[in-house]
Amino acid sequence: MIWNIPNILTITRILLVPVFLVFILGPDFPSRLASFFVFVTAAITDFLDGRIARLFNQRSEFGKFADPLADKLLVAAALLAFTGIPETGIPLWMVLLLLGREIGITLLRLWAIHRKTSMETSRFGKCKTASQMATIIVVLLLLILRSALAESLGLSLSQEDFWKIALNDAFWGTVLTWLPLALASITTTLTIFSGLAYLWVNRALFARRRSS
C-alpha cells in the first residue's frame, strides 16, 4: 500500500522541498524565518513516518525507498541553497562531495533492490544524519539572526565582519563567522566516513556479485 500514513508523510516531505527553497532564497527576515519552520516541519515528518510504520505495521517497499530519498532531497536542497548564500561561507565543492556520497549509496541501494536483496545500514549513518540536520538547523538560525540584526541595525547582509560589528565583540564575531563552515566540514567528513562504513558493512553483497 502506498497511501498509508507513513508514505503520505514521506510524500509531504518531498513536496515541502521546493517550498523550502522558495523561502530560503529570500534574503529578508520573514522569508528566512519561514524557511526554518518549513524545514522543521519536514524534519518532524521524517521523525514520525518511520515510527508510525513500525507501530502500525505499515512498512512498504515504497516507503523503504522513498523515505531515505526524501531525506536526501531535503538535505541536498538546504546545503545547495547555502552555497548560494555568500554569508554562510560554505563552498560548493564541499557540498558536491557530500551529495556525491548520497547519490552513490542511493544507486547501490537501487542495484540491491534490482537483485532482490537488501543492504544493511551502518550505525554511522544515524550520526551522519544527525550531523546534517544539526548543521542545517544551526545555519538557518544564524541566517535568521543575521537578517534580523541587519534590518534592526541598518547593516548590509554582505557587510564585511558583519558579526563583529553587529555584536561589537571580536571573539564571538569570529566564532559566528566561521561556524557554518566548521559545521559543514564536520558533516562532510562524517558523511564520507559513513559512506565507507556502509560499503564495508555490505562487502559480502559485492562478493556475491563477483561470484555470480
Side-chain angles (χ1 to χ4, degrees), residues 13-14 16-46 69-104 125-195:
R13 185 157 70 258
I14 295 174
L16 285 176
V17 170
V19 179
F20 169 80
L21 286 173
V22 168
F23 286 120
I24 189 58
L25 295 177
D28 57 284
F29 173 75
S31 294
R32 290 183 172 176
L33 184 62
S35 72
F36 174 79
F37 284 111
V38 171
F39 185 86
V40 170
T41 300
I44 290 173
T45 67
D46 181 34
L69 176 63
D71 297 341
K72 289 174 174 53
L73 288 175
L74 182 63
V75 169
L79 294 176
L80 285 173
F82 291 161
T83 65
I85 302 174
E87 53 262 39
T88 67
I90 298 175
L92 178 61
W93 68 263
M94 186 178 291
V95 174
L96 292 179
L97 184 63
L98 186 152
L99 296 182
R101 179 271 187 200
E102 300 291 7
I103 293 172
K126 292 184 178 181
C127 295
K128 178 266 300 183
T129 301
S131 175
Q132 289 177 347
M133 290 296 182
T135 295
I136 292 170
I137 288 175
V138 170
V139 174
L140 284 174
L141 290 174
L142 287 175
L143 289 174
I144 292 170
L145 180 58
R146 189 181 184 112
S147 295
L149 289 174
E151 293 182 10
S152 62
L153 300 176
L155 297 174
S156 169
L157 284 174
S158 57
Q159 173 78 43
E160 187 176 358
D161 293 332
F162 177 91
W163 289 111
K164 293 180 182 179
I165 296 172
L167 300 177
N168 194 27
D169 188 302
F171 173 77
W172 287 109
T174 301
V175 169
L176 294 185
T177 297
W178 292 100
L179 184 57
L181 179 58
L183 291 175
S185 300
I186 294 171
T187 294
T188 301
T189 301
L190 285 175
T191 299
I192 298 302
F193 183 79
S194 70

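Atoms considered below: every heavy atom in the structure, side chains included; atoms not considered: hydrogens, waters and symmetry mates.
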- Could you walk me through whether Met133 and Val75 pass the side chain to side chain contact (heavy atoms under 4.5 Å, CB included) check? CA-CA 8 Å; Met133 290 296 182; Val75 169; 4.3 Å; yes
- Could you walk me through whether Thr191 and Arg101 pass side chain to side chain donor-acceptor pair (under 3.5 Å), step by step? CA-CA 7 Å; Thr191 299; Arg101 179 271 187 200; over 6 Å; no
- Query: Arg146: what forms a salt bridge (Lys or Arg N to Asp or Glu O under 4.0 Å) with it, not counting sequence neighbours?
  - Reply: none
- List the steps, then state whether side chain to side chain contact (heavy atoms under 4.5 Å, CB included) holds for Trp163 with Leu149. CA-CA 9 Å; Trp163 289 111; Leu149 289 174; 3.7 Å; yes
- List for me each residue that meets side chain to side chain donor-acceptor pair (under 3.5 Å) alongside Thr83, sequence neighbours excluded, and say none if there are none. none
- Closest contact, heavy atoms only, Arg13 versus Ala42: CD-O, 3.1 Å
- Item | Residues forming a salt bridge (Lys or Arg N to Asp or Glu O under 4.0 Å) with Lys72, sequence neighbours excluded | Glu102
- Is a side-chain N or O of Ser147 found less than 3.5 angstrom from the main chain of Leu143, in a donor-acceptor match? yes
- Message: For a side chain to side chain contact (heavy atoms under 4.5 Å, CB included) check, start with the C-alpha distance between Leu153 and Ile165, then their side-chain angles and the critical distance, and finish with the verdict.
- Response: CA-CA 10 Å; Leu153 300 176; Ile165 296 172; over 6 Å; no
- Query: Of all heavy-atom pairs between Val17 and Ala77, which one has the smallest distance, and what is that distance?
  - Reply: CG1-CB, 3.6 Å
- What is the distance from atom CZ of Arg32 to atom CG of Leu140, rounded to the nearest 0.5 Å? 9.5 Å
- Message: Please report the interatomic distance CG(Asp161) to CG(Leu155), rounded to the nearest 0.5 Å.
- Response: 11.5 Å
- Quick one: CG on Leu157 to CZ on Phe29, what's the gap to the nearest 0.5 Å? 12.5 Å
- Task: Using a 4.5 Å cut-off on heavy atoms from C-beta on, say whether the side chain of Met94 contacts that of Leu181.
- Result: yes
- Query: Is there side-chain contact between Asp71 and Thr129, with heavy atoms separated by less than 4.5 Å?
  - Reply: no
- Message: Applying side chain to side chain donor-acceptor pair (under 3.5 Å), can you list everything that pairs with Ser158, at least two apart in sequence or on another chain?
- Response: Ser156
- Sorted by chain and residue number, the side chain to side chain donor-acceptor pair (under 3.5 Å) partners of Thr135 (sequence neighbours excluded) come out as Thr187
- Query: Between Leu176 and Phe162, is a side chain to side chain contact (heavy atoms under 4.5 Å, CB included) present by the stated rule, with each step listed?
  - Reply: CA-CA 10 Å; Leu176 294 185; Phe162 177 91; over 6 Å; no
- Query: CZ/Phe36 to CG/Leu141 distance, rounded to the nearest 0.5 angstrom?
  - Reply: 4.5 Å
- Task: Taking all non-hydrogen atoms of both residues into account, name the closest pair between Leu98 and Gln132 and its distance.
- Result: CD2-NE2, 3.7 Å
- Message: Looking at every heavy atom in both Ala43 and Leu74, which two are closest together, and how far apart are they?
- Response: N-CD2, 4.4 Å
- Partners of Ser31 by side chain to side chain donor-acceptor pair (under 3.5 Å), sequence neighbours excluded? Asp28
- Message: I need the minimum non-hydrogen distance between Ala170 and Lys164, along with the two atoms involved.
- Response: O-CE, 3.9 Å
- Task: Could you tell me whether the side chain of Phe82 reaches within less than 4.5 Å of the side chain of Val95, counting heavy atoms only?
- Result: no
- Message: If I compare all heavy atoms of Val38 with all of Leu16, which pair ends up nearest, and what's the gap?
- Response: CG1-O, 3.8 Å
- Quick one: CD1 on Ile90 to OG on Ser185, what's the gap to the nearest 0.5 Å? 8.5 Å
- Note on the structure: Separation between CG (Leu97) and CG (Leu92), nearest 0.5 Å, reads 11.0 Å
